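The shown structure was predicted, so the numbers you read here are calculated from the model rather than taken from an experiment. Basis for what follows: all heavy atoms, side chains included, without hydrogens, waters or symmetry-related copies.
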Amino acid sequence: MQKTVKDYIRTIEGFPHAGILFRDVTTLFADPRGFRMCVDQLLAPYAGMRIDKVVGLEARGFILGGAVAHQLSCGFVPIRKQGKLPGAVISQAYTLEYGEAVVEVHEDAMQPGEKVLLVDDLLATGGTAEAGIKLVERLGAEVVGCAFVVDLPDLGGRVKLEAMGMAVHALCAFDGL
C-alpha cells in the first residue's frame, strides 16, 4: 500500500499541554520520500499559474515555502514574529487562543500587483494565515492561494479563510483539536 502525506505525520498526545493532539510534521520533513511528496502536492494546484512570491509563515512555513518557491522558480518571503526582521517592516496583530501576537514582513518584500502563494504546515483557527494575508494585501500584492499540509477543520480556519475569498488547499485533515 502506497503511503500518503498523512502517514508520515506523527501525533503526540498532551503537547503543548494536556488534551491536545499535536500533529508533528517533523517526521514528514525527515523522510526524503515524504518531504518530496509533500512539496510536490503542495505546489501541484499552482503549477502553470503566475506566482511571483511564496510567503512562508514562521516557522515551519519557512521550510515548506522555501522548497515550494524553489520548485516554482519564484521568490520567497518570510513572515516572522515581531522583532525578528532587520529592515523596515509592517506589522499585523492577530488573536491566539491565549492572547494576541504580532507578525511582520519587510515593507519592500512584495510589490503591488505581485501574485503570492501563502504556505504553512498547519491550518487551525486561521489567525496567523489571516494576519499574513492582510500583510500581503497591505503591500498591494494578491494572495492567489493558501496551501497547508494539515487542516484541523474542527478549529474553523478553512471557513475563516474561505470567507475572506481565499482558495485553500490542504493535503490532509485531522479531526479533533
Apply side chain to side chain contact (heavy atoms under 4.5 Å, CB included) to residues Leu57 and Val103 and explain how you reach the verdict.
CA-CA 9 Å; Leu57 302 175; Val103 289; over 6 Å; no
Could you walk me through whether Gln71 and Val39 pass the side chain to side chain contact (heavy atoms under 4.5 Å, CB included) check?
CA-CA 8 Å; Gln71 289 298 102; Val39 171; 4.1 Å; yes
I'd like to know whether Met110 forms a side chain to side chain contact (heavy atoms under 4.5 Å, CB included) with Val116, so could you lay out the CA-CA distance, the side-chain angles of the two residues, the decisive distance to 0.1 Å, and finally the verdict.
CA-CA 9 Å; Met110 288 163 269; Val116 174; 3.7 Å; yes
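Between Phe29 atom CZ and Ile63 atom CD1 the span is 5.0 Å, to the nearest 0.5 Å.
Ile9 pairs in a side-chain contact (heavy atoms from CB on, under 4.5 Å) with only one of the listed residues (Val150, Thr26, Leu122), which is Val150.
The closest side-chain heavy-atom distance from Val168 to Phe148 is below 4.5 Å. Here the side chains of Ile133 and Cys146 are in contact, with some heavy-atom distance below 4.5 Å. Put simply, the side chain of Leu152 does not reach to within 4.5 Å of the side chain of Leu123, judged on heavy atoms.
Follow the hydrophobic side-chain contacts under 4.5 Å out from Val119 and you never reach Leu85; the two are in separate clusters. In this structure, Met49 is a member of the same hydrophobic cluster as Leu117, with clusters built from ILVMFWY side-chain heavy atoms closer than 4.5 Å. Transitive grouping of hydrophobic side chains (ILVMFWY, heavy atoms separated by less than 4.5 Å) brings Ile90 and Leu118 into a common cluster. Placement of Phe62 and Val89 in two distinct hydrophobic clusters is found when ILVMFWY residues are connected by side-chain heavy-atom separations under 4.5 Å, directly or transitively.
Side chain of Glu100 to main chain of Ala93: no donor-acceptor pair is present (N/O by atom type, distance under 3.5 Å, no hydrogens or angles). At least one donor-acceptor pair under 3.5 Å links the side chain of Glu58 to the backbone N or O of Lys81. Arg138 places a side-chain N or O within 3.5 Å of a backbone atom of Ser91 that can act as its donor or acceptor partner. Judged by distance alone, the side chain of Asp7 and the main-chain N or O of Thr4 form a donor-acceptor pair under 3.5 Å. Between the Lys53 side chain and the Cys74 main chain, no donor and acceptor come within less than 3.5 Å of each other. Between the side chain of Glu114 and the backbone N or O of Gln111, at least one donor-acceptor pair lies under 3.5 Å. Proximity of a side-chain donor or acceptor of Thr27 to a complementary backbone N or O of Arg10 within less than 3.5 Å is detected. His169 places a side-chain N or O within 3.5 Å of a backbone atom of Gln41 that can act as its donor or acceptor partner.
A salt bridge does not link Asp52 with Lys115: every distance from a Lys NZ or Arg NE/NH1/NH2 to an Asp or Glu carboxylate oxygen is 4.0 Å or more.
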